[in-house]
There are 2 protein chains.
Amino acid sequence: MALDTTASIKKKLNSRGWRMTPQREKILEVFYNLPQGNHLSAEELHNLLEEQGENISLSTIYRSVKLMTKMRVLRELELAEGHKHYELNHPYPHHHHHIVCIQCNKTIEFQDDSILKHSLKQCQKEDFQLIDCQLTVMTICQEALEMGWPSTLPSDWCCSRAIAEGHHK
Amino acid sequence: MALDTTASIKKKLNSRGWRMTPQREKILEVFYNLPQGNHLSAEELHNLLEEQGENISLSTIYRSVKLMTKMRVLRELELAEGHKHYELNHPYPHHHHHIVCIQCNKTIEFQDDSILKHSLKQCQKEDFQLIDCQLTVMTICQEALEMGWPSTLPSDWCCSRAIAEGHHK
DNA sequence: TTAAGTGCAAAATCTTTGCATCAGG
DNA sequence: CCTGATGCAAAGATTTTGCACTTAA
């Protein structure tokens, strides 16, 4: 299964009575140009668009990512940051999951197709149709443990690896 | 591994410089008495306590569930409802995952120990210590699909099964 | 032409925090 | 006693919504 194109998304939207707009095209473009492994919050998406000179209101951003998630063009992630993130919905075999450090919010993608198989099995048992499955592996790094996590670590402490990769708060 | 008792939790807290208080005891009691498969938001926990005549402030609730999650007494769930839920952290072999209907928020628990095994494998690869892993399977039921989901369904529509079980919004 | 989409500001939700006071170890 | 915990109210953060106007199909 290939990724959607703007044209095919437009077709999908129209068939449901929804529309493709310049704002939605710009939003999708951002996701198509996003390096693999990245995901954006509504705020981050808004800022990125602003940097590109695109003034799209935050409400429109929120409404669009919600609709695109419903259309299964985007995938909504609830990781550990307290707000939602979005990424392109890459279907099997590019489906992936996330490891998250609960101290630094550093996120690493990984692929493991057996997770999807196990999820499908559960869906069949309940007679539900699978839309997506997300395995979130909460972890803590050695460095944090050595610093006495969780009691002696301030909530904004980050390991050197997370700082190097810009995951710090 | 057995579930924590209030006494063992107190010991754990004290060893870290934290304290057991009457409020925290009441909060834990609610979770111990909660039927298997249920999980509570901060708001719901607050209401339950109020019904029992316990007036514990919402701030204290939030502070307590956060701390208990850090202590791995509670497990924080990010399902599809837009806010966090908490349940007792049952370690292996009572560890479980969730199927969620993205239309009705109906939640079903399931056990599958292979998920934990796959998660551990990923942690070892990255040299992280596993804290928890949560597989969330987003699904939609046949009834919703037959009603034309997602375009023709109002956002508060619920299938008959969800209504019968009180999962509706 | 007309129902859907947009932008703005205001509201709604959920969660955190400052501070004075209280109390567990 | 001393530091962590509580309650309250106020603030923060994120997301949704009402409404007048615009626009895609």
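Below, read A as the first sequence line, B as the second, and so on, with proteins coming before strands; counting in each chain starts at 1. Everything numeric in this text was worked out from a predicted model, so none of it was measured.
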TODO: Look only at the side chain of B/Glu143 and the backbone of B/Ser160, and say whether a donor-acceptor pair between them is shorter than 3.5 Å.
DONE: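 Present.
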
Open item on the list: According to side chain to side chain donor-acceptor pair (under 3.5 Å), who are the partners of B/Ser59, at least two apart in sequence or on a separate chain?
Closed with: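 Side chain to side chain donor-acceptor pair (under 3.5 Å) check on B/Ser59 returns nothing, list empty.
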
Task: A/Arg19: partners by side chain to side chain donor-acceptor pair (under 3.5 Å), with sequence neighbours left out - done: none

Could you give the [atom1]-to-[atom2] distance, from [X] to [N], as a whole number of Å?
X       : N      : atom1 : atom2 : value
B/Glu25 : D/dA5  : CD    : P     : 14 Å
A/Ile27 : C/dG5  : CD1   : C1'   : 11 Å
A/Met68 : C/dA4  : CE    : P     : 16 Å
B/Glu50 : D/dG7  : CD    : C1'   : 13 Å
B/Ile61 : D/dG7  : CD1   : P     : 9 Å
B/Ile56 : D/dC8  : CD1   : P     : 12 Å
B/Leu49 : D/dG7  : CG    : C1'   : 15 Å
A/Leu79 : D/dT14 : CG    : C1'   : 16 Å

Open item on the list: If you take the centroid of each ring, where Trp contributes its six-membered ring, are B/His98 and B/His96 closer together than 6.0 Å?
Closed with: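 Yes; B/His98 has its ring centre under 6.0 Å from that of B/His96.
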
TODO: Flag yes if A/Leu79 and A/Leu88 sit in one hydrophobic cluster, no otherwise; membership is Ile, Leu, Val, Met, Phe, Trp, Tyr, and two members link when side-chain heavy atoms are under 4.5 Å apart.
DONE: no

- [ ] Using the salt bridge (Lys or Arg N to Asp or Glu O under 4.0 Å) rule, collect all pairs that involve residues 65-76 of chain A, keeping only residues at least two apart or in two chains.
- [x] A/Arg75-A/Glu87, A/Arg75-A/Asp132

Is the shortest heavy-atom distance from the side chain of [X] to the side chain of [Y] under 4.5 Å?
X        : Y        : value
A/His97  : A/Cys133 : yes
A/Arg16  : A/Leu67  : no
A/Val137 : B/Phe128 : no

Open item on the list: Report for the helix from C/dT1-D/dA25 to C/dG25-D/dC1: angle between first-end and last-end helix axes, five pairs each, rounded to 10 degrees.
Closed with: 50°

Open item on the list: For B/Arg161, is there an ion pair with A/Glu126 - N to carboxylate O distance below 4.0 angstrom?
Closed with: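 So A/Glu126 pairs with B/Arg161 through a salt bridge.
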
TODO: Give a yes/no answer on whether the side chain of B/Gln23 brings an N or O atom under 4.0 Å of OP1 or OP2 in D/dG7.
DONE: yes

- [ ] May I ask you to evaluate whether B/Arg24 reaches the phosphate of D/dT6, defined as a side-chain N or O under 4.0 Å from OP1 or OP2?
- [x]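 So the side-chain polar atoms of B/Arg24 do come within 4.0 Å of the phosphate oxygens OP1 or OP2 of D/dT6, strictly under.
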
TODO: For each nucleotide in nucleotides 20-25 of chain D, reading 5' to 3', give B when a protein heavy atom comes within less than 4.0 Å of its base, S when such contact involves only the sugar-phosphate, and - otherwise.
DONE: ---BBS

Open item on the list: At under 4.0 Å between heavy atoms, how does the protein contact nucleotides 9-15 of chain C? Give one character per nucleotide, 5' to 3', with B, S or -.
Closed with: B----SB

Open item on the list: Is a donor from one side chain sitting under 3.5 angstrom from an acceptor on the other, for B/Gln134 and B/Glu78?
Closed with: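 B/Glu78 and B/Gln134 do not have a side-chain donor-acceptor pair below 3.5 Å.
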
- [ ] Select base, sugar-phosphate, or nothing to describe what A/Arg63 touches, counting heavy atoms under 4.0 Å on all strands.
- [x] base

